[in-house]
Amino acid sequence: MNCDLHCHSTCSDGLLLPGEVARRAAANGVTLLSLTDHDDLQGLPVARAVAGETGMRFVSGVEVSIEWGGLQIHVLGYAFDESDALLRAGLEGICSGRIERAQRMSADLERIGITGAFDGAMRYAANPKLISRAHFARYLVEIGLCRDLHAVFDSYLVPGRPGYVAHRWATLADSLGWILGAGGVAAVAHPGRYRLSRSELRRFLGEFRDLGGQAIEVLSGSHTPEQVETFSRLAKEFDFLASRGSDFHGPGESHVDLGLLPPLPETLKPVWVLF
């Protein structure tokens, strides 16, 4: 099985349309795909239809933005009922206010001499209600301020740096309530990206498990080999299933292309046994 359970389309902050993501995944040998746009489900029908045309299995997905311990963390949901009213209402609540937040981000950047950021970011946002830091980052690369997106997030748009504006995200309990209530499976997304101490990470994983979370993303496009070993150990310790996802956003922008991660360690039980 070549499963890629974490990727994005233009419905959130990806560069390719949902159908293009599915076709690229199939061309790369993916056998099971989940499109996991941020806080939005609208790309799922098209991605599912294209996956069916290519003979690739598809499972519903979403990446829910939450706040825990003052940090933004992401929870992946899989194999849920896309028509569930509570899930849809919850995601809509997260999306509300993003335009106002983006305007405040632009104003903050203007204070240090970076003009036109709101309009520039909106040009990259195919789904304006989900305008995000990634769209601003692409604009900062476009105007030559940074060489790539990774360099942007070293200097801008993160806590303590110009252009960062906090947003009211969902809670951990909210996200798990919506995903599990819709019959889905919940996984921690790219745990290696969060600035959590060892004890904070363990506390978060314990809360996640106690609230019904079932899995952790062991293999991610942003994880180092050492982090893969760490999260493999934690998956066993907390009795989590293991997930695998490239976190693909687009050609030239992502660490790893769709389906090109190494396989999960054989000692781990994959999350897709539940699908």
Side-chain angles (χ1 to χ4, degrees), residues 1-7 30-36 38 57-81 84 86-87 90 169-247 256 259 261-275:
M1 291 281 286
N2 183 356
C3 302
D4 197 320
L5 303 180
H6 190 166
C7 60
V30 173
T31 53
L32 173 63
L33 178 71
S34 184
L35 178 68
T36 55
H38 293 284
R57 287 181 59 204
F58 185 85
V59 63
S60 57
V62 68
E63 187 171 12
V64 183
S65 308
I66 73 162
E67 183 178 342
W68 186 89
L71 295 175
Q72 185 183 346
I73 290 177
H74 293 159
V75 173
L76 292 160
Y78 301 125
F80 48 80
D81 176 4
D84 185 83
L86 288 179
L87 173 62
W169 307 108
T171 66
L172 179 59
D174 287 335
S175 65
L176 289 172
W178 300 335
I179 294 167
L180 301 180
V185 176
V188 178
H190 42 54
R193 286 179 50 182
Y194 310 127
R195 295 182 178 179
L196 295 169
S197 68
R198 184 177 302 178
S199 62
E200 288 170 334
L201 176 61
R202 294 176 65 83
R203 184 160 61 88
F204 170 75
L205 294 177
E207 290 183 21
F208 178 78
R209 178 191 58 195
D210 293 345
L211 288 167
Q214 301 113 306
I216 184 171
E217 194 170 56
V218 171
L219 279 170
S220 167
S222 58
H223 283 175
T224 65
E226 292 75 20
Q227 287 174 323
V228 172
E229 291 183 9
T230 295
F231 298 122
S232 295
R233 289 196 303 270
L234 288 170
K236 295 175 186 176
E237 178 181 342
F238 285 86
D239 197 26
F240 287 143
L241 300 172
S243 191
R244 173 184 189 261
S246 60
D247 196 11
V256 178
L261 285 169
L264 281 174
E266 293 182 358
T267 56
L268 300 180
K269 188 175 182 179
V271 68
W272 49 86
V273 299
L274 299 181
F275 306 155

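Side chains included, hydrogens not; waters and symmetry mates left out as well; all remaining heavy atoms used.
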Polar side-chain atom of Ser60 near backbone of Phe80 as donor-acceptor pair, under 3.5 Å: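 Checking the backbone N and O of Phe80 against the side chain of Ser60, a donor-acceptor pair under 3.5 Å is found.
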Under 3.5 Å: donor-acceptor pair, side chain of Tyr78, backbone of Ser34: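 No: the side chain of Tyr78 does not pair with the backbone of Ser34.
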Show me, pair by pair, the donor-acceptor contacts under 3.5 angstrom made by side chains of residues 206-216, not counting sequence neighbours?
from, atom 1, to, atom 2, distance (Å)
Glu207, OE1, Trp68, NE1, 2.9
Gln214, OE1, Ala186, N, 2.8

Trace of the side chain to side chain contact (heavy atoms under 4.5 Å, CB included) decision for Leu205 with Phe231: CA-CA 11 Å; Leu205 294 177; Phe231 298 122; 5.8 Å; no
Close side-chain approach of Leu5 to Leu32, heavy-atom, < 4.5 Å: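 A side-chain contact under 4.5 Å exists here.
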Side chains of Val188 and Phe240 in contact at under 4.5 Å (non-hydrogen atoms):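 A side-chain contact is absent here, since even the closest heavy-atom pair is not under 4.5 Å.
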Which atoms form the tightest heavy-atom contact between [X] and [Y], and what is the distance?
X      : Y      : answer
Trp169 : Ser65  : CE3-CB, 3.4 Å
Thr171 : Ile66  : O-CG2, 3.8 Å
Cys7   : Leu35  : O-CD1, 3.7 Å
Val218 : Ala235 : CG2-CB, 4.3 Å
Val30  : Gly259 : CG2-CA, 3.5 Å
Gly245 : Asp4   : CA-OD1, 3.5 Å

How far does [atom1] of [X] sit from [atom2] of [Y], to the nearest 0.5 angstrom?
X      : Y      : atom1 : atom2 : result
Asp174 : Ile179 : CG    : CD1   : 10.5 Å
Glu229 : Leu234 : CD    : CG    : 12.0 Å
Ile73  : Leu196 : CD1   : CG    : 5.0 Å
His6   : Ser220 : NE2   : OG    : 7.0 Å
Glu67  : Ser175 : CD    : OG    : 12.5 Å

Partner of Pro191 under side chain to side chain contact (heavy atoms under 4.5 Å, CB included), chosen from His74, His223, Gln227: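 Result for side chain to side chain contact (heavy atoms under 4.5 Å, CB included) with Pro191: His223.
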side-chain contact (heavy atoms from CB on, under 4.5 Å) involving Ser197 - partner list, sequence neighbours excluded: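 Ser199, Glu200.
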Residues forming a side-chain contact (heavy atoms from CB on, under 4.5 Å) with Leu219, sequence neighbours excluded: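 Leu219 satisfies side-chain contact (heavy atoms from CB on, under 4.5 Å) with Val228, Arg244, Leu261, Pro262, Leu264 once adjacent residues are dropped.
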Partners meeting salt bridge (charged side-chain N to carboxylate O under 4.0 Å, His left out) with Arg202 (sequence neighbours left out):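 Arg202: salt bridge (charged side-chain N to carboxylate O under 4.0 Å, His left out) contacts with Glu237.
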With sequence neighbours excluded, residues passing salt bridge (charged side-chain N to carboxylate O under 4.0 Å, His left out) with Arg193: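 Asp247.
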Side-chain donor-acceptor pair present, His190, Glu63, cut-off under 3.5 Å: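 Per modelled atom types, His190 and Glu63 side chains form a pair under 3.5 Å.
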Anything under 3.5 Å between a donor and an acceptor, one on a side chain of residues 268-275, the other on a protein residue two or more places apart or in another chain? List them.
none

